[in-house]
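Scroll down for the structure; my scribbles are underneath it.
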Protein chains: 4
Amino acid sequence: MVDPAQNSVNPDKYHRILEAAIGVFAEQGFFNATVSKIARAAGVADGTIYLYFKNKNDILLHFFNYKTKEVFGTFRHEVDKGGNAREKLRNLIKAHLREFQKDRNMAVVFQAEARQIRYFEVYIKDLTNMYFDLVGEIVVQGQEESVFRRGLDPSLVKRFILGTVDEVINTWLHAARKYDLEAQADAIVDLFVNGIGATPPK
Amino acid sequence: MVDPAQNSVNPDKYHRILEAAIGVFAEQGFFNATVSKIARAAGVADGTIYLYFKNKNDILLHFFNYKTKEVFGTFRHEVDKGGNAREKLRNLIKAHLREFQKDRNMAVVFQAEARQIRYFEVYIKDLTNMYFDLVGEIVVQGQEESVFRRGLDPSLVKRFILGTVDEVINTWLHAARKYDLEAQADAIVDLFVNGIGATPPK
Amino acid sequence: MVDPAQNSVNPDKYHRILEAAIGVFAEQGFFNATVSKIARAAGVADGTIYLYFKNKNDILLHFFNYKTKEVFGTFRHEVDKGGNAREKLRNLIKAHLREFQKDRNMAVVFQAEARQIRYFEVYIKDLTNMYFDLVGEIVVQGQEESVFRRGLDPSLVKRFILGTVDEVINTWLHAARKYDLEAQADAIVDLFVNGIGATPPK
Amino acid sequence: MVDPAQNSVNPDKYHRILEAAIGVFAEQGFFNATVSKIARAAGVADGTIYLYFKNKNDILLHFFNYKTKEVFGTFRHEVDKGGNAREKLRNLIKAHLREFQKDRNMAVVFQAEARQIRYFEVYIKDLTNMYFDLVGEIVVQGQEESVFRRGLDPSLVKRFILGTVDEVINTWLHAARKYDLEAQADAIVDLFVNGIGATPPK
DNA sequence: CATGAATGAGCGTTCATTCAT
DNA sequence: CATGAATGAACGCTCATTCAT
């Protein structure tokens, strides 16, 4: 097997297979996807898959390792572009929704398989922690800026935020009618910041 | 196959197999679980499984249809016990966390498989809608009671709430150290109601 | 297992099962027939079958041993009723067609399974030989009476006759439109006796 | 699965499996034959069978579709070589006996399974009709040539001829002592043409 | 005698993986 | 590097048979 990280030979084929695989995984689920189907979708022979990936598991692993990590990298970038905490939070949510909307296959696979397959647990945890770290920083900054209240359980806030976005994406994925996902960012952030409680007469 | 609804024969064995199956599904995932493993776990012969269930899929289907529906029934009951909207919301969250904590296998299977298997999508949607309806009612009541603010997107609020609880349970399931899940209810409700924003100097 | 030959106990049930089995065999073929289906058709429990028959094979064996042997007994009787050889031949063919027409299930099973299952070969051979003996006698008598020509290969004549009747029944069984089988007897005998050759100007 | 019609891959293996399967079917019958036994007989792995055939049924189907159709093709050819009707009839019978004698496995499978398996009924009917057409043509020609008498029921004559040959082959297959099958052709044709009746003093 | 729930051996089929070309 | 035919372990499922009631 070639190391695709420093793979000078045919990086094309590596990506073609990876994309094809994600497509098949998205459509059929990891377990119902066969290596043959992936090969056909990628336009290569079955055996060729094994020149670029150790085995079927390894394909999904690469997906988590490279593809989604890349996406999570843009989250970091987007967050950094924000000035204050609220802006950073909004940028994160917006980026999250945008990127998942942009690559539906990725979204499906990530949402569907991430919780399913024990084998990949550790990679998922990595990604989740990356996300949690981002949120953590934002919260701390927000508290320093006094836009977020003190005394919050940071770990709970992280789950509060990731859980909501996750569910919003999930609903979008299963919806019959397609609507713009990114457009929901502001309403979501508003909920995060203000909750559902009636504001007392201030 | 016998009708398990009527439990005409050996309801014991029916439940033993169902519990055993959920255990195996929880540990290995649906696709890695084999009928043989389930039979062994239940202490019956492979063929016996097929006296109570149509096939492997059918076992999971029964799980969604009976076991989790029952749990969701207690949610309704708990909500009804609450007087005002905030209490109802708290009761729902508490019940949700408690029931999933009480039956860890159920929790694992529900969280892991619910998003995964196309075949069962319709059952999951049923359960989700049941949940959404509950939340919807609570929100409306809260708005009438003026504890929840107007102008909320009800569908977004539902996802906001389910998503958070979902993620909280998920984190608990994957945590190394076991902690009390139900105890988080109040903090969660507080987040829902007040958000993370700093209260303006009142 | 009870010996059904001298079975004082519930000969009814024995015959009910046998008839039911032949019906199921006729409809589905021996190998696709299950003991359960037979039991259901007979209105008894699966286990009851084994009180009257050693196993699934044994049911078919009883069929060959008793049911069809009985039919072949009437062939003998019909032949004996005929005066000259030609009459005897005609009676045999008529009886053959009539009996198979009368019990379609028997006909189907006999025609379909007789050539198929090695296990029963010996019983089939018995029946065939019984038939061959009948034909043999008729041919000899016919030659003595000078209605049948000398120099015939008796064994070939037997196959000539059984084969034709067999095929006529077979065609009837598979025909879409139902017609009277017995009515073909005279035309068949005419073919046997005169062949298809044009009679030379006598 | 590869298209065996085009024999794009390893036509050798395709034929090896087909021959092996027919051998196993001949020895054990279709239902008692297992894919494993066929694979072992063909010297390939179980899975390899499925590269050449859709499933176990498909093997028998190919047998009927290609192997026996080919044989029936030679029947046509042999018939066409005959000048007058009697010669044609004789050629048909001779070819039929010869071909089935040449490939005993084919003969066994054809005789045994043809009447048995509902699934293949349509293919058998095809073959039978092909045969019937041949005989029909011969009979008509014979009547025109005035070697066969008028007023025959053509459909009955067909069954008369096929049935006899069928039975002759059948007897041969089950005989303990092997004798030459083709040698019986003339005696059979003589029976067809002249019947068993004594010729009146002409 | 009768039942039918339980058994488990056995089968057809799939598919990840290998390797000769 | 690329191929795809070949492999065979493994699985879901069926069903003849048994036996406790």
Side-chain angles (χ1 to χ4, degrees), chain A residues 1-2 7 9-10 13 31-40 43-59, chain B residues 1-2 8-10 12-14 17 31-40 42-59, chain C residues 1-2 7 9-10 13 31-40 43-59, chain D residues 1-2 8-10 12-14 17 31-40 42-59:
Chain A
M1 210 197 69
V2 225
N7 178 13
V9 227
N10 228 335
K13 210 164 269 186
F31 287 101
N32 289 318
T34 70
V35 174
S36 268
K37 285 180 203 159
I38 295 170
R40 205 174 318 127
V44 300
D46 291 22
T48 305
I49 304 272
Y50 291 86
L51 298 174
Y52 294 87
F53 301 91
K54 246 197 351 264
N55 50 40
K56 192 181 154 190
N57 275 353
D58 194 44
I59 305 178
Chain B
M1 212 195 68
V2 236
S8 45
V9 258
N10 225 333
D12 243 41
K13 208 162 272 184
Y14 167 77
I17 294 171
F31 287 101
N32 288 318
T34 71
V35 174
S36 271
K37 284 181 204 160
I38 295 170
R40 206 174 316 126
V44 300
D46 290 23
T48 305
I49 303 276
Y50 293 88
L51 296 175
Y52 294 87
F53 301 92
K54 258 210 318 282
N55 50 42
K56 191 183 154 189
N57 274 354
D58 194 44
I59 306 178
Chain C
M1 209 196 73
V2 223
N7 178 13
V9 226
N10 228 335
K13 208 164 270 185
F31 286 101
N32 288 319
T34 70
V35 174
S36 269
K37 284 181 203 159
I38 295 169
R40 205 174 316 126
V44 300
D46 290 23
T48 304
I49 305 272
Y50 290 87
L51 298 174
Y52 294 87
F53 300 92
K54 246 195 353 261
N55 50 40
K56 192 181 153 189
N57 274 353
D58 193 45
I59 305 178
Chain D
M1 213 196 68
V2 237
S8 45
V9 256
N10 225 335
D12 243 40
K13 208 163 274 185
Y14 167 77
I17 294 171
F31 287 102
N32 288 317
T34 71
V35 173
S36 271
K37 284 181 203 160
I38 295 170
R40 205 172 319 124
V44 300
D46 290 22
T48 305
I49 303 276
Y50 293 87
L51 296 175
Y52 295 86
F53 301 92
K54 255 206 326 277
N55 50 41
K56 191 182 154 190
N57 274 355
D58 194 44
I59 306 178

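Throughout, protein chains are lettered first and strands after them, A, B, ... in sequence-line order, and every chain is numbered starting at 1.
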Rounded to whole angstrom units, what separation is found between the CZ atom of B:F53 and the P atom of F:dT14? 15 Å
Quick one: is B:K13 getting a side-chain N or O under 4.0 Å of the E:dA5 phosphate, OP1 or OP2? no
Under the rule for side-chain hydrogen bond (donor to acceptor under 3.5 Å, both in side chains), what residues qualify as partners of C:K37, not counting sequence neighbours? C:Q28
Candidate pair D:I59 and D:I49, rule side chain to side chain contact (heavy atoms under 4.5 Å, CB included), full reasoning: CA-CA 9 Å; D:I59 306 178; D:I49 303 276; 3.9 Å; yes
Interatomic distance, B:I49 CD1 vs F:dC15 P [rounded to whole Å]: 18 Å
All heavy atoms of D:Y50 vs all of D:V35, minimum pair found to be OH-CG2, 3.6 Å
Could you tell me how the ring of B:F31 sits relative to the ring of A:F31: parallel (under 30°), tilted (30 to 60°) or perpendicular (over 60°)? parallel
Rounded to whole Å, the OH-C1' distance (A:Y52 to F:dT3) equals 13 Å
Taking CD1 from B:I17 and C1' from E:dA6, how many angstroms apart are they, rounded to a whole number? 10 Å
Side-chain atoms of B:L51 come closest, of F:dT7, E:dT7, F:dT3, to E:dT7
Using a 4.0 Å cut-off on protein heavy atoms (strictly under), produce a 5'-to-3' string for nucleotides 12-21 of chain E with B for base contact, S for backbone-only sugar-phosphate contact, and - for none. SBBSSBB---
DNA chain F in dot-bracket, Watson-Crick or G-U pairs under 3.5 Å, [ ] crossing, | other strand? .||||||||||||||||||||
